[in-house]
Amino acid sequence: MAEKYKALIGGEWVEAAGGETTTVINPANGQVIATVPKCGIEEVNAAVSAAAAAFPEWAAKPVGERSKLLLKLSQLIMANQESIAKLETMEHGSPIRKTMNFDVPLCAEQLEYFAGVARGVTGETLPVGPWCMSMTVRQPLGVIGLITPWNFPALMLIWKLGAALVMGNTCIVKPPSIAPLTALKLGELAMEAGIPKGVVNVITGPGGTVGEALVEHPGVAKIGFTGDTATGKRIMKVASDTVKQLGLELGGKNAFIVLEDADVDSAVEGAVFGAYFNSGQVCAAASRFYVHESLYDEFAEKFVAASKTLKMGDPTDFATVLGPVAYKAHRDKIDTFVEKAKKSSAKLLLGGERPADPALKDGYFVSPTIFGDCTNDMDLMRHEIFGPVVGLCRFKTPDEAIALANDTPYGLSASIWTKDTRAGLVMASQINAGTVWINEHLIIFCETPWGGCKESGWGKDLSTMVLDEYTMTKHIYVDLTGQPAKPWYAILK
Ligand code: NAD
């Protein structure tokens, strides 16, 4: 029996005005697990009013008080670790070993980090002259719309929500339509933590209506968006009418460069993690592999062998490493890329067909798939597939590898594998991406900034830099001369 969820507006749990709902489907078996309100413009307006009403009091609280409430939320998240992890596994298909051990603890840690660093945020006094005092102060922006993707339903939300809240903003969360349940649970825990009514609102429904109405709304000061590049472009257009501030964490097509001197075994370990974590549904997933020609055959053989060892199956089983992808249309889209690549000159080295296990037939599973002998003009190498499907390409010189890595509209991340740190650093400086790892792929910390360039978006999540995203710097000037007429007035006299 599907559980019925409600949206959270102004501290109340509400249905959509028309009573309409949408279903949430477990991608491991295609079963409906819940319904959520199909909110519309009425709920958007109500949520903006609630968040605007809550803003003055929340913004006026000392940062220390907001920090303590974030810490309380962090503790509640850990107290509910298992239930949040199970919810995310059910709605998204991500294996329980990952949601329990990675997503939920990282959400809690992220809030701890924000609670700490926000207390160190200061303005400056500026050395402009003895006749005045000039200073900057940091102020919250107001009502923030947070529009989040399905690939890490809890984490992508907490990255933004924690920063926005601790800096004194109130928020309206628009979670992904296909995986909205963890966001609703986090909304419930925010209330339990004592965060006042209206400070966190969660409205569910289709991005094209609810999300877009939030972007259009003149009462929303900023949209923090993580999602597809095409959606980001649409949001930019819609936001232009109100000159709304935007933070855009968009798609990626990330290069994994194996230099001539790399340790192949380490690179293969990193490749498996980089390509298949979360079934490849990671904005920073390694998907374009550029391998020096002298190592290519060895790397390809070992990568294929290692990819065969991953256990795919029921994501609620702790032994499972690869769950399904998040929804049927996404699986079908991945299949289309694979079928097209099979007809190209790329050589299928692994996968390329649905898993044979009959236990998986009702779920949206995609086998790890590796194509060799790829070229950069192939769709496989140009488009974000967002699944466990990768392409391998040979290169001869480091300059060729840099050119291949940069030959993409995206600019989110890349990795370089080498024993020569100096060569790695020199190459890193020439790669157009927001993050470049050397001998690693995918690792992130609360302390390190995250965000891309080019069509991967702009702005930063994580690190202290995200606090800038949710504040405005105001300059205040105080005249200290006490003189009615200043020397510079003479210019008009
Ligand atoms: P998506 O763009 O389809 O949806 C993201 C959110 O936007 C959802 O909540 C959706 O309902 C909403 N939305 C859809 N259309 C909208 C519109 N017209 N106006 C306002 N909101 C709208 O993305 P997705 O499929 O949920 O997520 C996968 C994408 O997210 C991938 O491209 C991935 O690379 C990207 N991503 C990027 C990062 C990063 O840090 N750069 C992190 C995670 C995911």
Side-chain angles (χ1 to χ4, degrees), residues 3 5 7-8 22-28 32-37 39 73-74 76-78 80-111 145-164 171-190 200-207 210-211 224-228 231 249-251 277-285 315-316 323-330 364 386-387 444 450 461-462:
E3 200 172 335
Y5 284 75
L8 177 62
T22 56
T23 54
V24 182
I25 291 170
N26 180 345
V32 174
I33 52 169
T35 64
V36 295
C39 294
L73 177 57
S74 165
L76 283 173
I77 286 173
M78 285 315 285
N80 288 273
Q81 181 177 11
E82 195 173 338
S83 62
I84 301 170
K86 280 185 177 161
L87 203 57
E88 185 162 317
T89 292
M90 293 285 281
E91 68 175 350
H92 171 263
S94 198
I96 189 76
R97 63 193 279 158
K98 170 186 154 290
T99 53
M100 272 287 272
N101 300 322
F102 172 78
D103 298 84
V104 181
L106 206 53
C107 284
E109 187 189 339
Q110 187 66 60
L111 290 174
L146 300 176
I147 303 178
T148 54
W150 49 259
N151 63 330
F152 293 92
L155 198 56
M156 293 299 106
L157 170 56
I158 287 292
W159 279 10
K160 297 180 189 304
L161 183 69
C171 294
I172 301 162
V173 176
K174 208 309 272 174
S177 313
I178 60 142
L181 305 182
T182 41
L184 291 167
K185 179 72 184 169
L186 292 170
E188 179 193 319
L189 294 180
V200 178
N201 306 274
V202 186
I203 50 174
T204 51
V210 180
F225 173 75
T226 301
D228 190 65
T231 315
E249 299 288 356
L250 309 178
F277 183 63
N278 210 24
S279 294
Q281 299 165 114
V282 182
C283 51
T316 62
V325 297
Y327 58 105
K328 183 174 180 305
H330 184 50
Y364 313 133
F386 224 53
I444 48 160
W450 181 254
D461 276 333
L462 303 180

Can you measure from [atom1] ([X]) to [atom2] ([Y]) and round to the nearest 0.5 angstrom?
{"X": "F152", "Y": "Q281", "atom1": "CZ", "atom2": "CD", "answer": "8.5 Å"}
{"X": "C171", "Y": "L161", "atom1": "SG", "atom2": "CG", "answer": "5.0 Å"}
{"X": "S279", "Y": "H92", "atom1": "OG", "atom2": "NE2", "answer": "8.0 Å"}
{"X": "I147", "Y": "K174", "atom1": "CD1", "atom2": "NZ", "answer": "7.5 Å"}
{"X": "L155", "Y": "E88", "atom1": "CG", "atom2": "CD", "answer": "8.0 Å"}
{"X": "M156", "Y": "C107", "atom1": "CE", "atom2": "SG", "answer": "8.5 Å"}

With [X], which residues qualify under side-chain contact (heavy atoms from CB on, under 4.5 Å), at least two apart?
{"X": "E3", "answer": "Y5"}
{"X": "L462", "answer": "Q110, W159, I444, W450"}
{"X": "T231", "answer": "F225, D228, I235"}
{"X": "P95", "answer": "R97, T320"}

Which heavy atom of [X] sits nearest a heavy atom of [Y], and at what distance?
{"X": "Y327", "Y": "P27", "answer": "N-CB, 4.4 Å"}
{"X": "T204", "Y": "P37", "answer": "OG1-O, 2.6 Å"}
{"X": "C39", "Y": "P206", "answer": "O-CD, 4.3 Å"}
{"X": "A190", "Y": "L73", "answer": "N-CD1, 3.6 Å"}
{"X": "G205", "Y": "S177", "answer": "O-OG, 3.2 Å"}
{"X": "A108", "Y": "S74", "answer": "O-OG, 2.9 Å"}

Look at the aromatic rings of F277 and F102 and report parallel, tilted or perpendicular, splitting at 30° and 60°.
->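 Plane angle over 60°, so perpendicular.
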
side-chain contact (heavy atoms from CB on, under 4.5 Å) between I25 and I178: does it pass, once the steps are laid out?
-> CA-CA 7 Å; I25 291 170; I178 60 142; over 6 Å; no

Sole residue of T89, N151, N278 in side chain to side chain donor-acceptor pair (under 3.5 Å) with S94 | N278

State which residue, out of N201, L8, V200, fulfils the side-chain contact (heavy atoms from CB on, under 4.5 Å) condition with I172.
->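 Option passing the side-chain contact (heavy atoms from CB on, under 4.5 Å) with I172: N201.
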
Tell me, with the steps shown, if F386 and H330 meet side-chain contact (heavy atoms from CB on, under 4.5 Å).
-> CA-CA 9 Å; F386 224 53; H330 184 50; 3.6 Å; yes

Do T148 and K160 meet the criterion of a side-chain donor-acceptor pair at a distance under 3.5 Å?
-> no

I'd like a table of donor-acceptor pairs (distance under 3.5 Å, sequence neighbours excluded) in which one partner is a side-chain atom from residues 181-188, with atom names and distances.
| unit_1 | atom_1 | unit_2 | atom_2 | d |
| --- | --- | --- | --- | --- |
| T182 | OG1 | E91 | OE2 | 2.8 |
| K185 | NZ | E188 | OE2 | 3.4 |

Sequence-distant partners of E82, salt bridge (Lys or Arg N to Asp or Glu O under 4.0 Å), two or more places apart | K86

Check: V202 and P175 side chains under 4.5 Å, non-hydrogen atoms = yes

